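Just below is one structure, and these are the notes that go with it.
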Amino acid sequence: MQAEPVIQTRNLTKVYRDFWGRPKVRALNSLTLDVRPGEVFGLLGPNGSGKTTTLKLLLGLLFPTEGEISVLGKPAIDVGKNERIGYLPEESYLYRFLNAEETLDFYGRLFKMSKEQRRQRSDELIKQVGLDGARRRQLKEYSKGMTRRIGLAQALINDPDLVLLDEPTSGLDPIGTREMKDMILRLREQGKTVVMCSHLLADVQDVCDRIAILYGGELKVMGRVEELLTDQGETELLTSRLSPEAVKDVEAALARHGATMKKVAHPTSTLEELFLKTVEESKLRPGRRYVPGGDGEGDKANGDRRAEPVKAASPPVT
Amino acid sequence: MSFDAEAFSILQGITHWLLIFSAVFGIALVVAFLTSLVAGGAAGPGLFFNRLSEGAADAASTSWRRVWALTMLTYKEAFRRKALLVFVVFALLFMFAGWFLTGTEQAPQMQVKVYVAFVLTAISWLVLPVVMLLACWGLPQDIQNRSIHTVVTKPARRSEIVLGRMLGFIGIGTLLLAVMGAVGYVWTLRNFPAPSETLAFDADADPDREETYEISATLGTRINVRIEGPDGQARRFVAANDAELASLMAGRYPAPVEEQARELVRTLRERNQPVLVSRVPVYGSISFTDREGNPVERGINVGDIWDFRSYIDGATRASAIWEFDGISHDRMGDALVLESHFEAFRTHKGKIDKAGLEPGEETLTCQFTLRNDLRSQTARALAVGKGFTHLEPMIRQGAFTPVADELARIADGLSGRKLTLTDEQFDDVAQGFQDFVELLRPFENKPAFSGLVASARRAAADARSAAEEASLERISALPSSLTGLSQDLAAQSRELKARIDEQTRTSVSKELAAGGKFPELADAVAAGELETAAAQLQQLAENLLGGEGTVDSAGLAPLAAGLNKLADTLEGMQRLPEADKLAALAADCASAADDSNPQALAQALEALAGGFRERAAELEWALADLNVPLSSFQVREFKENLTPVRRTIVYHDDQLNQTRTADLYEDLVHGDKLKIVAQCLDPGQLLGMARPDLFIRTPDRPFASGYFKAVLGIWLMMVLVVLIAVTASTFLKGPVATLLTFTLLILGTGFHPFLSDLVKGDVKGGGVLEAAYRIGAGTAPTVPFEQSTATEVIQTSDRVILGGLWGVHKIVPDFNTFRMSPWVANGFDVPWSTALLPGLATTFAYLLPCLLIGYFALRLRELEAK
């Protein structure tokens with residue numbers, strides 16, 4: 001038997017009105033979806049497609065024009081449900097005059113947490129999101145990435161069962177993005193339900209179990225990521241390096257089976273992977289730098305621009 | 001403004017609040033229900049009741065932990081947004097204020113007025129705008145920045161957000177006020193330092209022995225005396241009054257040094273009237289008499305447009321009579337201080353501000369008389385109605401035996417139906433006897449001769465000490481106590497003769513005669529010649545002072561025994577013995593007359609006549625008219641006139657043509673009432689008086705008492721501003737919320753009195769439309785409005801508009817309630833019942849409505865910045 005959905009919406013509609021009560025924008029139109037416990041659910045769509053509106057309706061920040069919402073078995077406007085919810089807003093709308101410790105302590109106070117629990121949990125989260133060195137700085141001095149991190153920490157202060165993330169990777173550098181995605185996957189491992197909305201498709205693809213694509217306030221596609229992305233009409237082979245003759249043989253073999261070879265190429269890494277690899281290497285071997293036209297290790301003919309060791313006399317470039 | 005405001009009735013206030021609150025809340029509910037019906041159709045009522053029940057559930061699950069978290073957040077926000085920079089402005093103001101406020105030509109009281117008004121106004125004008133802006137912008141900024149999203153998506157209730165915000169801003173305001181209030185207080189004190197003086201006193205006449213003492217005294221809220229001896233060692237004595245100072249110093253220094261220190265304090269006090277005080281006035285009710293002494297409602301109108309005061313004629317029987325309630329020794333202490341502010345109206349010229357102070361200037365003399373007119377009141381009570389009026393001359397003479405006989409005769413007349421009374425006459429009689437009962441009530445356990453008992457005991461103690469210790473110092477104290485006793489004895493000899501019997505006199509005489517030293521005194525007492533006994537005692541005092549006479553210290557023991565015996569006899573004596581029984585008999589008469597029952601009244605009158613006969617002598621003394629004139633004084637116009645009244649007053653009785661003493665609390669205060677009569681003594685001059693022009697000053701409170709109560713008043717106002725501002729910010733943006741709060745502040749401060757008058761119909765010229773019509777038609781406001789259909793429509797419409805204004809008037813808070821600085825600036829303490837309590841009530845009245853509006857405004861809106 002399937003577990004009770006964590007989130008359930010039925011014909012959820014939101015129409016924004018002007019001052020005189022006249023309909024202005026139909027931001028969401030008859031959305032019906034279920035989010036199951038323990039899954040990472042992605043809401044995808046271009047700007048203005050209704051992703052954030054959906055999240056705000058789920059949180060009770062907006063009131064639906066029509067339809068029903070149930071979050072953790074309670075109506076969206078029930079404040080009691082918030083005990084088990086964590087929310088990271090699109091921008092980190094935190095109190096900029098507080099520092100990281102004060103921020104987490106303040107949000108911790110809003111839950112039934114003792115002083116000791118708050119202290120322990122804050123300490124743990126600050127380390128987890130990598131703000132240990134900036135815990136006493138006021139948030140107004142934080143970079144955007146740091147603000148997102150403290151935003152995530154505040155969303156997790158109460159160890160929630162349901163985490164709602166609005167554009168979780170926006171403003172983060174690739175490392176931060178990767179860490180955020182790792183964190184989402186860890187949350188899934190812990191059995192939490194995560195709902196995230198984003199327009200960064202790669203991020204969604206990496207972490208989501210199921211996705212829903214919204215366009216113009218309407219649900220267009222919903223399902224498991226791998227099911228939606230798999231093209232059953234084509235087959236992809238990945239082999240070790242083939243000589244041109246071997247390629248011809250493969251082509252001939254395919255022709256015998258009535259298939260055609262559409263593309264032969266060397267696989268490329270993603271830019272994200274390249275970036276992360278470079279950063280990792282830099283951490284392991286500090287003092288190396290890229291010198292244009294220098295005697296680096298790479299193959300210049302192929303445009304390889306890897307960093308080379310810095311000579312002893314040269315100061316390190318940071 | 002008047003410092004004689006009416007006491008606030010908290011019960012009436014609560015009832016009034018409940019009425020207004022229920023009405024407004026009821027209207028809001030009906031409007032909300034109808035709106036839900038229109039907007040939601042059939043589902044509307046369900047939604048309406050859901051919201052109400054959610055509100056109740058939220059209120060029930062309010063967590064003070066979360067409220068505190070939001071309070072602290074608000075506090076930190078203001079703190080880190082540098083709201084406390086207002087202290088810099090405050091400091092700058094106070095650094096340079098002295099330049100503009102100091103005016104040496106002004107009297108100290110006027111300077112205090114300027115300084116205190118400046119301090120309290122500066123504090124108000126710095127704290128209120130800062131707190132108002134913070135409170136108006138806090139929540140809207142949270143909504144604008146969407147920071148509130150991170151709070152409302154936690155389990156924080158909207159009510160907790162509103163409450164937390166309110167408490168946070170109140171906390172900031174409190175901090176600002178506490179610091180500014182304390183700094184302002186210290187600043188004011190520093191500008192008016194306590195008078196201080198130092199003298200060097202040589203205690204020894206021998207020039208070879210340099211025994212010089214340096215004595216410093218400072219008069220603040222307490223007396224501070226420092227004495228440095230010839231050995232360089234110094235001691236400090238801090239006392240509340242002279243007696244405490246004397247007991248603190250007793251025996252530590254040579255007697256002349258102690259006396260010199262006390263003298264320095266006295267001199268300092270005489271030279272420096274304290275300017276920083278909180279006076280506590282007791283106001284009375286006023287009535288007037290005309291030139292012939294007949295009671296009138298008001299004095300003479302001298303044509304002053306402002307008819308606040310009315311005038312009494314000089315050198316006639318015209319007077320103003322004040323009756324004060326609640327006068328007791330516990331409240332007032334041993335001495336009373338009367339403070340008066342009278343205005344003169346002169347029929348011949350003079351320099352009004354120097355009257356009587358320079359030769360040739362016109363004087364303006366006023367005299368107060370303390371009056372206890374029990375006999376007149378008895379006459380007014382009993383000699384009323386048909387058949388009773390002829391009692392008046394007898395009562396006025398104090399002849400209570402004939403009064404008793406007359407009462408018995410009236411009783412006969414009533415029972416024999418020779419005297420018949422109408423119902424109205426019965427009512428008059430009943431009221432008269434009821435008044436008499438009230439007159440008798442304070443006599444229960446009212447002692448007689450307590451002053452005499454005290455002086456006899458004092459003299460006996462001094463005599464016994466002198467006898468036992470043979471101490472020179474004690475003997476030196478005896479003459480003064482004997483003199484006091486002699487005066488008291490002489491003053492009350494008539495009453496004593498009436499009240500002590502021969503047996504008592506003999507037993508006292510025996511004690512006095514025991515040592516054989518005072519035969520003449522013993523004889524005089526035995527014979528009941530108390531004036532002679534008083535003279536003997538005076539003679540003895542003089543002999544002791546002069547070192548003459550035959551009395552050695554051991555021989556004083558019989559004197560001590562005799563005086564103690566006298567004190568014992570007088571100790572338990574009541575001024576009117578068994579007054580309760582007489583009161584009960586009079587009450588029976590009142591009740592019988594009330595029932596219009598002639599037979600029962602006859603019986604009751606018989607019984608009362610018996611009581612009168614039995615107690616005729618005591619009644620004559622107890623129910624006496626006593627007029628004790630105080631020394632006359634020159635009226636200083638535009639300044640306060642202080643008249644001290646000691647507990648024991650020595651005065652000249654014109655009727656008896658002798659000097660007598662009266663005890664303030666025993667002889668003049670009856671129950672807890674005291675009557676003071678003011679008269680002008682100068683012919684051709686008139687003195688203007690109104691109820692608040694004379695008051696009794698109970699012991700002054702420290703300046704801090706009034707000052708900090710005024711700061712508390714500003715605090716209450718600040719709290720109310722925060723409540724309104726936060727409430728407005730739940731449904732309005734920052735600038736609009738500020739505008740609304742500011743408008744309410746202005747409306748509630750400047751226009752509330754006008755709004756009040758308008759609603760009450762006290763404004764001439766009618767309502768809004770009528771006034772507009774009059775302007776158009778060029779009709780004066782005082783001209784009666786013509787009657788036509790059009791004018792009727794106008795007036796009806798005005799009544800509707802006035803109804804709306806009545807609502808506005810009830811809803812807009814009256815910020816004038818919090819204005820307490822005039823009290824402090826004018827040297828008064830801020831009274832709880834007339835100033836602070838209304839302020840407290842006003843603030844608390846808005847707490848619940850503001851919370852409700854704030855909660856529902858935040859609960860029913862989408863928290864999206866638009």
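In what follows, chains carry the letters A, B, and so on, assigned in the order in which the sequence lines appear, proteins first and then strands, with residues in each chain numbered from 1. This one's a predicted model, so the numbers in the text were calculated from it and none came from an experiment. Computation of the quantities below employed the complete heavy-atom set of this structure, encompassing side-chain atoms and omitting hydrogens, waters and symmetry-equivalent molecules.
- Neither the backbone nor the side chain of Lys81(A) has a heavy atom closer than 4.5 Å to any heavy atom of chain B.
- Side-chain contact, Lys733(B) with Gln144(B): no donor N or O sits under 3.5 Å from an acceptor N or O.
- No other option in Ser63(B), Pro155(B), Ala57(B), Ala156(B) has as many heavy-atom pairs under 4.5 Å with chain A as Pro155(B).
- Contact residues of residues 70-79 of chain A toward chain B are Ile77(A), Val79(A) (heavy-atom distance under 4.5 Å).
- Among Asp166(A), Leu61(A), Leu94(A), the single residue meeting the side-chain contact (heavy atoms from CB on, under 4.5 Å) criterion with His149(B) is Leu61(A).
- Using a 4.5 Å cut-off between heavy atoms, Glu54(B) touches chain A through its side chain atoms alone.
- In this structure, chain A has heavy atoms under 4.5 Å from both the backbone and the side chain of Arg859(B).
- Arg165(B) has a carboxylate O that lies under 4.0 Å from a charged side-chain N of Glu77(B), or vice versa, which qualifies the two as a salt bridge.
- For Phe844(B), the CZ atom is loosely surrounded, since the number of other residues' heavy atoms within 6.0 Å does not exceed 12.
- In this model, a donor atom of one side chain and an acceptor atom of the other lie less than 3.5 Å apart for Gln141(B) and Arg81(B).
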* From CA spacing to verdict: side chain to side chain contact (heavy atoms under 4.5 Å, CB included), Val30(B), Leu34(B) -> CA-CA 6 Å; Val30(B) 171; Leu34(B) 293 176; 4.1 Å; yes
Distance-only donor-acceptor pairs under 3.5 Å for side chains of residues 85-92 of chain B, two or more places apart:
none

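- Evaluated for a salt bridge (Lys or Arg N to Asp or Glu O under 4.0 Å) with Glu862(B), the options Arg17(A), Lys14(A), Lys56(A) yield exactly one hit, Lys14(A).
- Comparing Val151(B), Leu73(B), Val152(B) by heavy-atom pairs within less than 4.5 Å of chain A, the highest count is held by Leu73(B).
- For a residue to count as touching a neighbouring chain, one of its non-hydrogen atoms must lie under 4.5 Å from one of that chain's; by this rule Leu70(B) touches chain A with backbone and side chain alike.
- Tyr107(A) and Asn158(A) are not linked by any side-chain donor-acceptor pair at a separation below 3.5 angstrom, with hydrogens and angles left out of the test.
- Interface remark: of the candidates Ser147(B), Ser61(B), Ala69(B), Ser147(B) forms the most heavy-atom pairs closer than 4.5 Å to chain A.
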